[in-house]
Number of protein chains: 2
Amino acid sequence: MGIKKIKNEINIFLPEGAEESLCGCGGVKGLKALLPKDSDIEALGVIHHALADKKRIKILCMLSIQPLCVCIIRAVLEISDSRLSYHLSILKKSGLISGEQKGTWITYSLTDKGKEWLDSGINSVFVK
Amino acid sequence: MGIKKIKNEINIFLPEGAEESLCGCGGVKGLKALLPKDSDIEALGVIHHALADKKRIKILCMLSIQPLCVCIIRAVLEISDSRLSYHLSILKKSGLISGEQKGTWITYSLTDKGKEWLDSGINSVFVK
DNA sequence: TTCTTATTTCAAATTTTTTTGAAACAATTC
DNA sequence: GAATTGTTTCAAAAAAATTTGAAATAAGAA
């Protein structure tokens, strides 16, 4: 009732009004074309995946306070060395943090990308 | 050479300078206290996890163009119904999108949270 | 050189996430 | 009511991420 079924380009029925607004953006083809390019989607996925884990978010937050060596991060998080190393490697690969050797130690810090991400996105959640 | 080893509060050695700057933020205890509260970390994790998948990022991008019913999202993404449904449910649980029944169809749109997230974070990656 | 400490790497075990296909459900039309 | 279409739910299978513990590496100190 009140809903018109219309066969369209991809041969599916649509709710009334849907086809017209779809046409406004070029239909299904148009929608596909409007999506960001795959490499951008990929890049965004890598960052989101890097922070899809509480321990890794904590690491990012810690490093936003100051650069820290692995042993201190370990003491705060209370997890095993290899486990921490695994998480650090994922953050490092994502480009959000970087590590610099200082003698026997490796000191990790936020990269510019990491700082930007923290500034832009994170606040929108915390400031609620 | 040039690196002093100092036994400290948690009984680990540290690179020179590390202890002083650590003291500046209250040591390991202080660092722990400076981390966001667990519920915030959790919330951030949920959002990041929701967008840790390319298909889900694409869905978010599509919905930023206009609200869409499942069958159209399906046509753009070219995946099975149940697979799409699974991804939609994760986005829905994260609060980034919401669905409204219109007759037989369900139309999904970005929530305010979804719009904010897209505005704040995402651009910092795409505008490069 | 040998020893110690900090950190990473590796492979196996475990856990979590994702995919698949069938079945269920809900709104509509016949 | 029966049949149809759009969507979700469910459980099993498959794939991917994470944890674990042991071994490797690297930098210094003795």
Side-chain angles (χ1 to χ4, degrees), chain A residues 1-8 10-16 18-19 45-46 48-59 67-75 77-94 97-108, chain B residues 1-8 10-16 18-19 45-46 48-59 67-75 77-94 97-108:
Chain A
M1 27 144 78
I3 289 162
K4 213 182 297 170
K5 279 193 173 178
I6 306 162
K7 278 273 181 186
N8 64 354
I10 53 168
N11 215 38
I12 52 179
F13 292 107
L14 292 174
E16 191 171 27
E19 178 154 57
V46 168
H48 278 101
H49 169 253
L51 295 176
D53 176 283
K54 287 165 75 176
K55 294 259 187 285
R56 296 198 290 263
I57 294 176
K58 282 188 186 176
I59 294 172
L68 295 167
C69 75
V70 177
C71 54
I72 294 176
I73 301 175
R74 183 188 189 290
L77 257 38
E78 305 182 271
I79 59 177
S80 73
D81 286 330
S82 62
R83 192 176 167 192
L84 175 53
S85 213
Y86 168 72
H87 288 300
L88 287 172
S89 78
I90 285 182
L91 286 169
K92 202 160 52 173
K93 276 178 203 154
S94 76
I97 72 172
S98 66
E100 192 198 353
Q101 187 113 21
K102 290 188 182 172
T104 320
W105 297 273
I106 298 176
T107 298
Y108 280 92
Chain B
M1 27 149 75
I3 291 163
K4 214 182 294 167
K5 280 193 172 180
I6 306 163
K7 277 275 184 186
N8 64 351
I10 53 168
N11 215 37
I12 54 180
F13 291 107
L14 293 173
E16 191 171 28
E19 178 152 57
V46 168
H48 278 101
H49 169 253
L51 295 176
D53 176 283
K54 288 165 74 177
K55 295 259 186 284
R56 297 199 290 264
I57 294 176
K58 282 187 186 179
I59 294 173
L68 295 167
C69 75
V70 178
C71 55
I72 293 176
I73 301 175
R74 184 189 189 287
L77 256 40
E78 305 180 277
I79 59 178
S80 73
D81 286 330
S82 62
R83 192 176 166 190
L84 175 53
S85 214
Y86 167 73
H87 288 299
L88 286 172
S89 77
I90 286 181
L91 285 169
K92 202 160 52 174
K93 277 178 203 154
S94 76
I97 72 173
S98 66
E100 191 199 353
Q101 188 113 21
K102 290 188 180 170
T104 321
W105 298 273
I106 297 174
T107 298
Y108 281 91

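We name chains A, B, ... by the order of the sequence lines, and we start the count at 1 in each one. Computed from a prediction, not measured in an experiment: that's the story for all the values here.
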What is the separation between atom CD1 on A:I73 and atom C1' on C:dT7, rounded to the nearest whole Å?
12 Å
Given D:dT5, D:dT8, C:dT8, the nucleotide with the shortest approach to the side chain of B:T104:
D:dT5
How close do B:H48 and A:L51 get, heavy atom to heavy atom, and via which atoms?
CB-O, 3.2 Å
Return yes if some donor-acceptor pair links the side-chain N/O of B:R56 with the main-chain N/O of B:A50 below 3.5 Å, else return no.
yes
Can you list every salt bridge (charged side-chain N to carboxylate O under 4.0 Å, His left out) pair that touches residues 79-88 of chain A, not counting sequence neighbours?
A:R74-A:D81
note: B:L88, atom CG; D:dT7, atom P; distance rounded to Å ~ 9 Å
Starting from P on C:dT18, measure out to CG on B:L51 and report it in whole angstrom.
12 Å
Side chain of B:V70 only, please: which of D:dT8, C:dT7, D:dA27 is the nearest?
D:dT8
Annotated protein contacts, base or backbone, on nucleotides 10-23 of chain D with a non-hydrogen cut-off under 4.0 Å, one of B, S, - each:
-------SBBBBB-
Over how many whole Å does the gap from A:E100 atom CD to C:dT7 atom P extend?
13 Å
Apply side chain to side chain donor-acceptor pair (under 3.5 Å) to B:H49 and list each qualifying residue two or more places apart in sequence or on a separate chain.
none
Can you tell me how far C1' of D:dT8 sits from NZ of B:K93, to the nearest Å?
12 Å
Kindly give the atom pairs (protein nitrogen or oxygen, nucleotide nitrogen or oxygen) under 3.5 Å for nucleotides 23-25 of chain C.
none

Could you tell me the separation between the CG atom of B:D81 and the C1' atom of C:dT20, rounded to a whole number of Å?
12 Å
Across all chains, not counting sequence neighbours, the salt bridge (Lys or Arg N to Asp or Glu O under 4.0 Å) partners of B:K58 are A:D38
What is the distance, rounded to the nearest whole Å, between atom CD1 of A:I79 and atom P of C:dT8?
12 Å
Presence of B:Y108 side-chain N/O under 4.0 Å of D:dT8 phosphate oxygens OP1/OP2
yes
A:C69 SG to A:E100 CD distance, which is reported to the nearest 0.5 Å:
12.5 Å
Roughly how far, to the nearest 0.5 Å, is the CD1 atom of A:I72 from the CH2 atom of A:W105?
10.5 Å
Taking A:S85 for the side chain and A:S82 for the main chain, is one N or O donor matched with an acceptor at less than 3.5 Å?
no
Reported CD1-to-CD1 distance for the pair B:I73 and B:I59, which is rounded to 0.5 angstrom:
6.0 Å
If I take atom CD in residue A:Q101 and atom C1' in nucleotide C:dA6, what distance separates them, rounded to the nearest angstrom?
9 Å
